[in-house]
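A short write-up of the structure that comes next.
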Amino acid sequence: MNYWLFKSEPDEFSFDDLKKRKKKTEPWNGVRNYQARNYMRDGMKVGDLGLFYHSNTAVPGIAGLVKVSKAAYPDPTQFDSESDYFDPKSLPNDPRWLMVEVTWEADFPSFVSLEELKGDPRLAEMLILRRGNRLSITPVESRHFERICALGGCLG
DNA sequence: GCCAACGTTGGC
DNA sequence: GCCAACGTTGGC
């Protein structure tokens, strides 16, 4: 099993929004970065767990847990000229962008703020904490994942 | 294939 | 709203 971090701006789509979705599931569309796409394509398997991170908001941090419920497949928004995510250079017979689907898995009894993540020496090497990191999807080491779950009061 | 210019991200 | 950091673009 692999672990991941999914960034989302809560003003656009929050962890609570996910919980309110039908089947608590949402296609993770709109990823337009090759490295993030490759993580989805090459690394993500159904059943992998993810940390749902709120970015670009007053108190950034991790709101809860999601599970990858569908493996990578072509993101239809790349072919939709009405969509913000439309990519005229992507061809239907050779799609450039992929997405997975994520499903709500568990709330964190306590939100784990970015400040808290930064303050924990055990998490110092996390990709998300590296300067200038802007990837919307990053892999998470199991030791980091477990530590963050403990901070959030999840999974015993 | 270099690299300057540009647009975006995201914490603060 | 500022701005540092980064990815992408496109002229050469």
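Note that the coordinates shown come from a computational prediction; the quantities given were computed from them, not determined experimentally. By convention in this document, chain letters (A, B, ...) are assigned in the order of the sequence lines, proteins followed by strands, and residues within each chain are numbered from 1.
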Check your understanding: Are the charged groups of Arg32(A) and Asp87(A) less than 4.0 angstrom apart, N to O?
Key -> no
Exercise for review: Return the value, rounded to whole Å, for the distance between atom NE2 of His54(A) and atom C1' of dG11(B).
Suggested key: 16 Å
Exercise for review: Determine the interplanar angle of the Tyr34(A) and Trp97(A) rings, folded into 0 to 90°, and report it as parallel if under 30°, tilted if 30 to 60°, perpendicular if over 60°.
Suggested key: tilted
Exercise for review: Nearest whole angstrom, please: distance from the P of dT9(B) to the CZ of Arg32(A).
Suggested key: 12 Å
Check your understanding: Between Arg134(A) and Asn56(A), who's closer to the 5' end of DNA chain C by nearest nucleotide?
Key -> Asn56(A)
Point to revise | Below 4.0 Å: OP1/OP2 of dG10(B) and any side-chain N or O of Lys7(A) | key: yes
Review point. Which one, dG11(B), dG10(C), dT8(C), comes nearest to the side chain of Tyr34(A)?
Key: dT8(C)
Check your understanding: What is the distance, rounded to the nearest whole Å, between atom CD of Gln35(A) and atom P of dG7(C)?
Key -> 7 Å
Review point. From Tyr39(A) OH over to Met44(A) CE, what is the distance, rounded to the nearest 0.5 angstrom?
Key: 10.0 Å
Practice item. To the nearest Å, give me how far apart CZ (Arg37(A)) and P (dG7(C)) are. Key: 15 Å
Revision key, fill the gap. Here the distance between atom P of dT9(C) and atom CG of Asn33(A), to the nearest Å, is 11 Å
**Study point:** Gap between atoms CG and P, on Leu135(A) and dA5(C) respectively (whole Å)
**Key:** 17 Å
Exercise for review: Quick one: sort the His54(A) and Phe111(A) rings into parallel, tilted or perpendicular, breaks at 30° and 60°.
Suggested key: tilted
Check your understanding: In whole Å, what is the span from the CG atom of Asp87(A) to the P atom of dT8(C)?
Key -> 12 Å
Exercise for review: Send over the distance from Asn133(A) CG to dC12(B) P, rounded to a whole Å.
Suggested key: 13 Å
